[in-house]
Amino acid sequence: MTVSSRFLRLGVNIDHVATIRNARGGRFPDPVRAAHLAAAAGADGITAHLREDRRHISDEDIARLTREIDKPLNLEMAATQEMLDIALAHLPHACCIVPEKREERTTEGGLDAAANFERLEPIVKALRDAGSRVSLFIEPDPRQLDAAVELGVPVVELHTGRYCELDIAGEFGMRDAECERIASAAAHGASRGLEVHAGHGLTFETVGPIAAIAELAELNIGHFLIGEAIFTGLEAAIRKMRNLMDRARAQAMAEPA
Ligand code: PXP
């Protein structure tokens with residue numbers, strides 16, 4: 001079996017169920033219930049970002065997710081001592097290190113792994129030694145992939161935000177070029193032994209060309225699915241995303257190289 005025939009996993013990010021809950025305080029809607037539903041609808045894993053300002057997911061959510069769900073949990077976290085301590089206390093299946101700025105609305109841009117080598121190295125080591133699968137959320141840039149290899153992480157996640165923004169702006173020529181950049185970064189990462197994931201901003205419209213990239217093993221998708229759940233329900237939204245991903249990957253595999 002070649003790398004390109006690999007099944008494409010879907011990680012569902014449930015942060016924005018917590019955003020809606022926190023708009024009123026209290027307990028509803030419950031992100032852990034959303035995680036159970038996502039698993040039943042075909043998610044292969046659950047992703048949650050515990051931000052330093054706790055604007056959506058809370059410490060208690062992370063504790064409950066590690067206790068209650070039976071799919072792998074991917075904890076997105078900033079490279080800080082506080083987040084490292086929390087990750088080590090709960091030991092999620094995977095930890096994805098992301099850049100974090102308080103003033104940003106969402107994770108803008110990837111981690112500069114090359115420039116932050118010294119700061120990242122002990123955090124990566126501590127998480128790896130504890131048995132968590134560490135990934136770095138980076139731009140699709142060979143320099144960043146090479147820094148990830150140097151840091152000894154097994155996984156990287158490529159930021160698809162720019163590709164999705166170009167879709168919204170109708171800049172399809174530039175979007176195709178950005179998709180090419182993601183594809184060649186994925187191929188570079190796989191050739192260097194990394195497992196390559198991708199995510200951020202993906203929708204029903206934008207997921208196909210990304211899912212078709214044979215070297216990608218996993219996509220992480222949240223905001224669009226939670227929004228779509230308002231109209232069709234979470235289960236239907238996830239099932240449709242899953243089908244679009246599977247169809248795009250199957251089509252790409254059937255095409256002559
Ligand atoms: N991957 C990473 C590393 C992220 O930080 C996020 C957003 O939290 C996502 C994927 C999912 O992005 P979106 O919610 O836009 O689908």
Side-chain angles (χ1 to χ4, degrees), residues 8-20 22 31 34-35 38 43-58 61-62 65 72-80 83 87 92-102 104-113 120 127 132-140 144 148 153 155-168 182 185-186 189 194-207 210-211 216-230 234 237-238 240-242 244-245:
L8 180 61
R9 294 195 301 270
L10 170 62
V12 171
N13 180 316
I14 51 159
D15 291 351
H16 298 297
V17 178
T19 302
I20 300 171
N22 295 1
D44 302 290
I46 300 298
T47 294
H49 184 176
L50 183 67
R51 293 189 74 104
E52 290 182 272
D53 63 9
R54 309 300 198 269
R55 72 177 69 156
H56 38 56
I57 292 293
S58 68
D61 292 330
I62 296 298
L65 286 166
L73 175 66
N74 174 32
L75 172 66
E76 292 178 358
M77 54 178 272
T80 64
M83 289 300 149
H93 166 80
C95 290
C96 179
I97 304 179
V98 301
E100 208 176 292
K101 297 189 216 96
R102 275 179 193 264
E104 70 191 356
R105 267 187 294 177
T106 180
T107 314
E108 293 164 1
L111 196 66
D112 192 345
L120 291 170
L127 290 170
S132 200
R133 208 162 155 71
V134 187
S135 75
L136 303 180
F137 188 43
I138 57 173
E139 292 295 322
Q144 297 298 340
V153 296
V155 183
V156 290
E157 182 168 330
L158 303 177
H159 201 310
T160 54
R162 185 174 145 72
Y163 159 82
C164 293
E165 277 162 24
L166 290 168
D167 185 81
I168 293 166
I182 294 167
L194 292 166
E195 181 174 306
V196 188
H197 303 174
H200 208 283
L202 292 167
T203 65
F204 292 154
E205 277 74 37
T206 53
V207 77
I210 298 296
L216 292 178
E218 179 174 308
L219 301 183
N220 281 299
I221 309 179
H223 181 264
F224 176 80
L225 288 173
I226 304 306
E228 195 62 16
I230 296 168
L234 186 58
I238 292 170
K240 181 166 173 183
M241 188 63 86
R242 181 72 275 163
L244 290 168
M245 286 166 52

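Start at 1 and go down the list; that is how both ligands and their atoms are numbered.
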I need the nearest protein heavy-atom contact for [atom]: residue, atom name and distance, please.
atom: atom 7 (C) of ligand 1; value: His200 CD2, 3.8 Å
atom: atom 14 (O) of ligand 1; value: His223 N, 2.8 Å
atom: atom 1 (N) of ligand 1; value: Glu157 OE2, 2.5 Å

Nitrogen or oxygen of [X] less than 3.5 angstrom from that of ligand 1:
X: Glu76; result: yes
X: His16; result: no
X: Gly201; result: yes
X: Gly222; result: yes
X: Asn220; result: no

Problem - Thr47 and Asn74 side chains, donor-acceptor separation under 3.5 Å - result: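 Looking only at side-chain atoms, Thr47 and Asn74 do form a donor-acceptor pair, the distance falling under 3.5 Å.
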Problem - Leu225 contact mode with ligand 1 (heavy-atom cut-off under 4.0 Å) - result: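 Neither part.
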Handout entry: Proximity to ligand 1 by part of His159, non-hydrogen separation under 4.0 Å
Key =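 Contact part for His159 vs ligand 1: neither.
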Which of the numbered atoms in ligand 1 are under 4.0 angstrom from any heavy atom belonging to [X]?
X: Val98; answer: 3 (C)
X: Asp15; answer: 8 (O)
X: Ile221; answer: 16 (O)

Quick one: pull up [atom1] in [X] and [atom2] in [Y] and give me the separation to the nearest 0.5 Å.
X: Leu111; Y: Ile138; atom1: CG; atom2: CD1; answer: 8.5 Å
X: Tyr163; Y: Ile182; atom1: OH; atom2: CD1; answer: 7.5 Å
X: His49; Y: Glu76; atom1: NE2; atom2: CD; answer: 6.0 Å

Practice task
Show the numbers, then the answer: is there a side-chain contact (heavy atoms from CB on, under 4.5 Å) between Cys164 and Leu202?
Solution key: CA-CA 6 Å; Cys164 293; Leu202 292 167; 3.7 Å; yes
Handout entry: Qualifying residue, where the test is side chain to side chain donor-acceptor pair (under 3.5 Å) with Asn220 and the options are His200, His197, Glu157, Arg9
Key =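 Considering His200, His197, Glu157, Arg9, a side chain to side chain donor-acceptor pair (under 3.5 Å) with Asn220 is found only for Glu157.
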Problem - With Leu225, the side chain to side chain contact (heavy atoms under 4.5 Å, CB included) member among Ile14, Ile238, Asn13 - result: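 It is Ile238, the one option of Ile14, Ile238, Asn13 that forms the side chain to side chain contact (heavy atoms under 4.5 Å, CB included) with Leu225.
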Practice task
Flag the pair Glu195 and Arg133 as a salt bridge only when some basic side-chain nitrogen lies within less than 4.0 angstrom of an acidic carboxylate oxygen.
Solution key: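 Between Arg133 and Glu195 there is a salt bridge, with a charged N closer than 4.0 Å to a carboxylate O.
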Exercise for the section: Assign the ring pair Phe137 / His159 to parallel, tilted or perpendicular, where the plane angle (0 to 90°) is split at 30° and 60°. Expected result: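 Parallel: the ring planes of Phe137 and His159 meet at under 30°.
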